[in-house]
Amino acid sequence: STYVPNSGEKLQRLSFRTEVWDAKVLEYLSQLQAKKPVVWTGDLNVAHLDGDIWNCGAKHLAKSAGTTPEERQSFSKVLDETKMADAFRKLHGEGAANWYTYWSVRAQNGPWNRGLRLDYFVCSEGMFDEGAGVAVQDCRMLSGEGEAVELDFIAIDHCAISLTLSVDPPSQCDALLKGPHFGTLATPVGEQLLALQRILGFICFSSLD
């Protein structure tokens, strides 16, 4: 899970975001991809395509953090060069438009669904193939769509998102759970999560050197 640095109100961190951070992420994702399927998730602080922006076309967007052409193009480059896909758009196609994960509290945009999609599950392309050992089954926004948003699922200004995976054969998890590293875990849920982490490559960091 990753929080990607915001480019700043005056875009003072834009060059760091696109030239340093994104380059490091691309490098690290490529290294993980060479070993196993990868899931990258979090607040990635970019509204990638036009359908991810409620007021696409507004003049101020080109100079606003998360919607600059530089950030959007850089995110496209990461997806293309790592051969990974935005799970929600991959599964829902054109139906992914107008589903958002962020709404400005200052502008009180939530009730009218005037938002941005900034939170993603980005997955290895192979995880969408039929017969994949670890496969993406579903990806959802836990919010409303259209004229109103289900505010119960929003924490301050972002909503939760979910990803459903299948692991085949299940014995992959079972074998890992029998290993010595899982003997002291408190709950079956914790065991399953750690086992899945061993099978998948997850990015878990807050900064990159």
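Note that the numbering runs from 1 along the sequence shown for the chain. For clarity, every value in this text was computed on a predicted model and none was experimentally measured.
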Q: To the nearest 0.5 Å, tell me how far F75 CZ sits from D52 CG.
A: 9.0 Å
Q. Does a side chain donor of either T164 or D138 reach within less than 3.5 Å of an acceptor in the other side chain?
A. no
Q | Short N-O contact, D22 and K77, less than 4.0 angstrom | A | no
(Q) For the CE atom of M141 and the NE2 atom of H158, what is their distance to the nearest 0.5 Å? (A) 12.5 Å
Q: Please report the closest heavy-atom contact between F128 and A85, naming both atoms and the distance.
A: CE1-CB, 3.9 Å
**Q.** Heavy-atom pair with the smallest gap, counting every atom of A107 and S104
**A.** N-OG, 3.1 Å
Q: Flag yes if W21 and M84 sit in one hydrophobic cluster, no otherwise; membership is Ile, Leu, Val, Met, Phe, Trp, Tyr, and two members link when side-chain heavy atoms are under 4.5 Å apart.
A: yes
Q.
Would you say L165 ends up clustered with F88 if hydrophobic residues are merged whenever their side chains have heavy atoms under 4.5 Å apart, either directly or through other cluster members?
A. yes
Q.
Please check if the number of heavy atoms outside R13 that lie under 6.0 Å from its CZ is greater than 12.
A. yes
Q) Taking all non-hydrogen atoms of both residues, which atom of W54 and which atom of N113 are closest, and how far apart? A) CB-O, 4.2 Å
Q: Look at the side chain of Q12 and the backbone N and O of K10, then say whether any donor-acceptor pair between them is shorter than 3.5 Å.
A: yes
Q: Evaluate side chain to side chain contact (heavy atoms under 4.5 Å, CB included) for L29 paired with V122, printing each intermediate quantity in order.
A: CA-CA 10 Å; L29 285 172; V122 176; 5.8 Å; no
Q. Atom OG of S1 and atom CH2 of W40: how far apart are they, to the nearest 0.5 Å?
A. 11.0 Å
Q: Answer yes when R17 and E70 have at least one side-chain N-carboxylate O distance shorter than 4.0 Å, and no when they do not.
A: no
**Q.** Short side-chain to backbone donor-acceptor contact, T2 and G42, under 3.5 Å
**A.** no
**Q.** Over all atoms of both residues, closest heavy-atom pair of A87 and C123
**A.** CB-SG, 4.1 Å
**Q.** T68 and E71: side chain donor to acceptor below 3.5 Å
**A.** yes
Q: Answer yes if the side chains of N45 and Y3 hold a donor-acceptor pair under 3.5 Å, and no otherwise.
A: yes
(Q) Return the CZ to CG distance between R89 and L79, rounded to the nearest 0.5 Å. (A) 10.0 Å
Q. Counting N and O atoms only, with roles assigned by atom type, does the side chain of R72 sit under 3.5 Å from a partner on the main chain of H48, one being a donor and the other an acceptor?
A. yes
Q: Give, for atom CZ of R114 and atom CG of N98, the distance between the pair rounded to the nearest 0.5 Å.
A: 13.0 Å
Q) If you take all heavy atoms of Y120 and V46, which pair is closest and at what distance? A) OH-O, 2.6 Å
(Q) Within this structure, what is the OG1-CG distance for the pair T67 and D50, rounded to the nearest 0.5 Å? (A) 11.0 Å
Q. Hey, does N55 have a side-chain heavy atom less than 4.5 Å from the side chain of H60?
A. yes
**Q.** Between S124 and Q33: side-chain donor-acceptor atoms closer than 3.5 Å
**A.** yes
Q. If you link I, L, V, M, F, W and Y whenever their side-chain heavy atoms are under 4.5 Å apart, who else ends up in the same group as Y102?
A. I53, L61, L116, L118
Q: Please report the C-alpha distance between L163 and V39 in whole Å, then the side-chain angles of each, then the deciding distance to 0.1 Å, and finally whether the side chain to side chain contact (heavy atoms under 4.5 Å, CB included) criterion is met.
A: CA-CA 10 Å; L163 183 73; V39 174; 4.0 Å; yes
Q: Report yes or no: do L26 and V20 belong to one cluster of Ile/Leu/Val/Met/Phe/Trp/Tyr joined by side chain heavy-atom distances under 4.5 Å?
A: yes
Q. If you look at every heavy atom in Y100 and C159, which pair is closest and at what distance?
A. O-SG, 3.9 Å
